[in-house]
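Computed from a predicted structure; not experimentally measured.
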Amino acid sequence: MKTLLSFSFASVWGKAWPIIIAILFFGLIILIHEFGHFIFAKLFKVKVNEFALGMGPTLFKIQGKETKYAVRLFPIGGFVSMEGEDEESEDEGSFSKKPVWQRMIIVIAGATFNLILGLIICCIILGTSELISTTQIYGFDENAVSSQYGLETGDKIVRIDGKRVYSSYDLSFLMQRSKDGVFDFVVERDGKKVELDGVKFATTETDGRMTIIYDFIVVGIEPSFGNVVKYSFGEAASISRIVYLSLFDLITGQYGLSDLSGPVGTVQIIAEVAQDSVKHYDFNSLLTIMALITINIGLFNLLPIPALDGGRFFFMLIELIFRKPVPAKYENLIHAAGLVLLLIFMAVVSFSDIWKLIQGKTYL
């Protein structure tokens with residue numbers, strides 16, 4: 001009996017712990033975001049009524065001198081509730097009473113903290129790596145196709161199809177977007193910029209999608225403080241562009257709903273990567289996913305979409321330019337409509353995530 005119980009517990013725990021780790025990691029990203037809003041609200045002496053991690057019913061709370069700190073049931077977000085943020089308030093510490101420049105800083109602080117977290121994670125990844133990948137070609141595979149179309153050992157890749165290459169991430173991501181495996185390169189060779197048009201790579205088809213065969217390897221350099229900082233900014237810039245290019249691909253129809261992941265899918269992705277990281281004692285993949293998610297959340301929140309931080313910032317920018325705020329009733333109505341649309345979108349994506357789980361599909 002003890003053996004059976006132990007086996008059952010081990011089986012359940014083996015499936016549960018990656019999900020728990022994923023929820024904690026996702027919660028950390030949300031916590032950092034909300035802390036950005038919170039710390040600048042406190043700095044500018046705005047009254048904060050509640051600082052909550054999660055949404056829905058309150059699991060437990062602690063009442064501070066001014067602020068209630070709470071953890072809520074559903075780990076899909078969080079919020080900082082400030083006095084006078086969405087309603088009229090005569091309190092001197094209300095959000096609406098503060099100068100517009102202070103409100104603008106408070107609003108974008110959450111996304112800014114996410115971007116800073118992403119940069120820090122990139123520093124950790126590179127600082128703990130044996131070698132840092134550069135964008136300079138070290139050598140080619142045997143019978144490499146690309147070397148027959150102008151690429152040479154020692155070339156530093158500067159642009160691919162007109163887009164600047166910030167880090168080694170760009171080499172894979174920008175080339176993955178190709179439809180034919182042919183690219184226009186700009187490389188730095190012997191101190192000069194050289195344009196190489198029509199560089200071809202061999203391709204293969206997997207599950208109906210074309211895959212580029214990367215037939216060269218890049219130079220790796222040993223990490224130092226200077227290298228880590230320099231290349232971390234490059235990798236953060238690459239990840240940021242991945243977010244915007246992916247959004248563009250979504251809008252233009254290159255990706256469909258089945259390619260999106262909401263909170264359920266995101267937790268599942270982190271859980272899968274966490275399990276694989278422990279199995280192989282390599283946590284770089286997990287940290288990379290975390291960097292991608294936190295930068296994704298930061299940039300997405302900066303979009304000028306109603307109900308998001310970027311949407312609120314846009315209205316404040318109008319107020320700053322015209323020296324007069326948009327009437328609160330109209331702004332609140334627009335944000336409410338935006339929130340409803342976002343919730344519907346999240347519900348649809350979450351349903352898609354759950355359907356994938358039911359079908360037994362993985363995200364990686």
Side-chain angles (χ1 to χ4, degrees), residues 19 22-23 25-27 29-34 36-37 50 52-59 70-82 85-87 107-108 110-111 114 242-271 289 292-318 326-363:
I19 296 176
I23 292 173
F25 269 60
F26 194 64
I29 291 173
I30 300 301
L31 178 65
I32 292 295
H33 180 94
E34 297 304 332
H37 294 310
E50 183 175 354
L53 182 61
M55 306 294 282
T58 300
L59 292 178
V71 174
R72 293 175 176 252
L73 179 60
F74 303 112
I76 57 173
F79 62 88
V80 172
S81 176
M82 294 175 282
E85 182 180 9
D86 297 311
E87 71 287 327
V107 163
I108 65 169
N114 279 135
I242 287 172
V243 173
Y244 280 124
L245 287 179
S246 298
L247 180 62
F248 175 79
D249 290 342
L250 176 65
I251 293 172
T252 55
Q254 293 191 48
Y255 293 126
L257 180 63
S258 60
D259 297 307
L260 293 178
S261 291
V264 175
T266 300
V267 168
Q268 181 67 15
I269 290 170
I270 300 173
I289 289 291
L292 178 62
I293 292 173
T294 188
I295 291 175
N296 192 322
I297 289 175
L299 292 178
F300 184 75
N301 269 278
L302 289 177
L303 294 175
I305 298 174
L308 294 181
D309 295 338
R312 295 181 181 277
F313 184 85
F314 179 74
F315 277 99
M316 293 174 192
L317 188 60
I318 293 175
V326 175
K329 62 178 181 179
Y330 297 122
E331 181 179 350
N332 291 339
L333 183 62
I334 292 172
H335 287 315
L339 180 60
V340 170
L341 291 175
L342 282 174
L343 290 175
I344 292 174
F345 176 73
M346 290 298 293
V348 172
V349 174
S350 296
F351 177 81
S352 176
D353 288 340
I354 294 169
W355 182 246
K356 291 175 190 175
L357 291 176
I358 292 173
Q359 291 181 313
K361 292 182 178 180
T362 60
Y363 289 81

| remark: Heavy-atom closest pair (Ala70 atom, Thr58 atom, distance to 0.1 Å) is CB-CG2, 4.1 Å
| field | Which atom of Asn114 lies closest to which atom of Gly298, heavy atoms considered | value | CB-CA, 3.8 Å
| If you look at every heavy atom in Ile334 and Pro306, which pair is closest and at what distance? | O-CB, 3.4 Å
Do any side-chain atoms of residues 307-315 form donor-acceptor pairs under 3.5 angstrom with protein atoms, and if so which ones, sequence neighbours left out?
| unit_1 | atom_1 | unit_2 | atom_2 | d |
| --- | --- | --- | --- | --- |
| Asp309 | OD2 | His33 | NE2 | 3.1 |
| Asp309 | OD2 | His37 | NE2 | 3.2 |
| Arg312 | NH1 | Asp86 | OD1 | 3.4 |

| field | Ile30 CD1 to Ile297 CD1 distance, which is reported to the nearest 0.5 Å | value | 4.5 Å
| remark: The reported gap from CZ in Phe26 to OG1 in Thr294 (rounded to nearest 0.5 angstrom) is 10.0 Å
| Least distance between heavy atoms, Gly56 atom then Arg72 atom | O-NH1, 2.8 Å
| message | Which residue is it: Ile295, Asn296, Ile293? I am looking for the one with a side-chain contact (heavy atoms from CB on, under 4.5 Å) to Ile29. | response | Ile293
| said: Using side-chain heavy atoms (C-beta onward) and a distance below 4.5 Å, is Leu299 in contact with Tyr244? | reply: yes
| field | CD-CD distance between Glu34 and Glu50, expressed to the nearest 0.5 angstrom | value | 11.0 Å
